[in-house]
Amino acid sequence: MKLVIKFGGVPVKDGESIKKDAELVVSRHKKGDQIAVVTSAMAGVTDQLLEIARKLVEPRSNPREQIPEFLRQISIRHYQACQDAIKNKEVLGRTTRTVRETIDLLERALTGISYLGELSPRSQDLILSFGERLSAPILSGSIESLGVKSRALTGFEAGLITDDHFTEARPLMEKVRRIAKQRINKMWAANEVPVITGFIGGTEDGVITTLGRGGSDYTASILGAALGVDEIWIMTDVDGIMTADPKVEPNARVIKTISYIEATELAYFGAKVLHPKMIRPAMDSNIPVRVLNAFKPNQGGTLIIKKPNQVKDIVKSITMSKNVSLITVGGAEMIGVPGVAATVFDIIGRAGVKVLMISQSSSQADISFVVDRKEVDLVLRALRSEFERRKISWDISCERNVSVIAAIGAGMKGTPGVAARVFGTIGRSGINILTIAQGSSELNISFTVDERDAVKAVRALHSEFQLDRAG
Ligand code: ASP
Ligand code: MG
């Protein structure tokens, strides 16, 4: 089989885990599979890189003083991982040198940023790329140490060419297909396992870009599609895609098969397992995606395919997005005025904020939408100042502490009465619903509640749709 196998942050958290990942790759390689490995940064490293980069441009007296201590900690962690993941002395020496050289480059990049006092999207991408540029050689070394030829490549080296939309770059699929095929096939022909940095690509001129946070999944799927592999495996630290967050609903279980569109919907509504953009390339090429627990790889996990031919669950999963806020723009003056939504969302779009859910009452007397709680003040400020500038007198109100609950499943389409069941259940639980939305795709019904009611709402729906039953 041809496989792309991606290891996420927690499965590469330390040398011991990396060694387990390498063992899995090697055992599949020995069975005759042709494998392209994609790896994330070691767990938490990307966040740390972002944090230091931001601190370095804060206007304080001596930001550069923080660099040595930061590098010391990053070095210790990666050297230790080399030691634990790589037993072969020669490979260990070589990998440790690569890690040291990469940390030297990181030091120069950080120093540069601190002198400039400015973190552009382009330099942010450069800094964030170091997480994967440090982890990939270690995983590759660990594979080599087990006697299989392997080489670490950056996304760019593997052919992941993107546009120059730094921090959210998009792949140039035609080019990726041509270059990745050529490079990876050559390595496969030489019986070599490529280990490719997830999350990062490069413009045609070789300037480093990133695909957006959590983007290693996306890398796996872009490369999987480009290479035309048989399956894409996402190795993570949970058992698969679940019927609900097990921390919220202890009876949650793994969903065995799910369609591409349902998986996208779930990723979008905050089931953190997959990056929302990752399904598309796999879906377009009709490549099955498996979500597996890297620590228990033989446990079935979740299979994502076009049309699962199992009993049609009406609702497959209940999600809850925490830390969001609900903003309402309303007032009698809005009734019948054309372009209200356009005006409001134009302002929010210009502020660079993503809207998670929208609902409008048919009287048009108000329009409500949900944004990330971290961005609510930014949105409120943008709306107020624009309204003032344009002499608009619509009211703005805000419920800060809400959650979005979504019931997701393709079986809802054309099944009457699902909404009644959802809202009947919530009503019987004594929970007040603030706003409701259903996409015309009928893949989800979503609504907002006070965040204090959120867990209760998830659990009530999970039991109403009998999601705790084996399926
Ligand atoms: N390391 C990147 C991040 O933390 C990409 C990923 O892990 O998927 O966002
Ligand atoms: Mg992830």
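Atoms within each ligand, like the ligands themselves, are counted from 1 in listed order. Worth saying up front: this structure is predicted, and the values here are computed from it rather than measured.
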Spatial distance of atom CG (N444) from atom CD (E265) [nearest 0.5 Å] | 4.5 Å
Could you list which atoms of ligand 1 come closer than 4.0 Å to a heavy atom of E132?
-> 1 (N), 2 (C), 5 (C)
Contact atoms of ligand 1, heavy-atom distance to R213 under 4.0 Å | 3 (C), 4 (O), 9 (O)
Carefully, step by step, assess R400 and I327 under the rule side chain to side chain contact (heavy atoms under 4.5 Å, CB included).
-> CA-CA 8 Å; R400 263 171 210 273; I327 299 178; over 6 Å; no
Look at atom CZ of R77 and say whether more than 12 heavy atoms of other residues, nucleotides or ligands are closer to it than 6.0 Å.
-> yes
Location of contacts on H275 toward ligand 1, heavy atoms closer than 4.0 Å | neither
Does the cation-pi check pass for R64 over Y115, that is, NZ or CZ under 6.0 Å from the six-membered ring centre and within 45° of its axis?
-> yes
Mind checking whether T46 has an N or O less than 3.5 Å away from an N or O of ligand 1?
-> yes
All N/O donor-acceptor pairs, side-chain side in residues 222-237, below 3.5 Å, sequence neighbours left out:
unit_1: D230; atom_1: OD2; unit_2: K2; atom_2: N; d: 2.7
unit_1: E231; atom_1: OE1; unit_2: W233; atom_2: NE1; d: 2.8
unit_1: E231; atom_1: OE1; unit_2: R290; atom_2: NE; d: 2.8
unit_1: E231; atom_1: OE2; unit_2: R290; atom_2: NH2; d: 3.1

Give a yes/no on ligand 1: does G215 have at least one heavy atom closer than 4.0 angstrom to it?
-> yes
Name all residues meeting the ring-ring contact (aromatic ring centres under 6.0 Å, His included) criterion together with F345; count only those two or more places apart in sequence or in a different chain, and write none if there are none.
-> F369
Going by distance only, is there an N or O of G214 that falls short of 3.5 Å from an N or O of ligand 1?
-> yes
S40, any N or O under 3.5 Å of ligand 1 N or O | yes
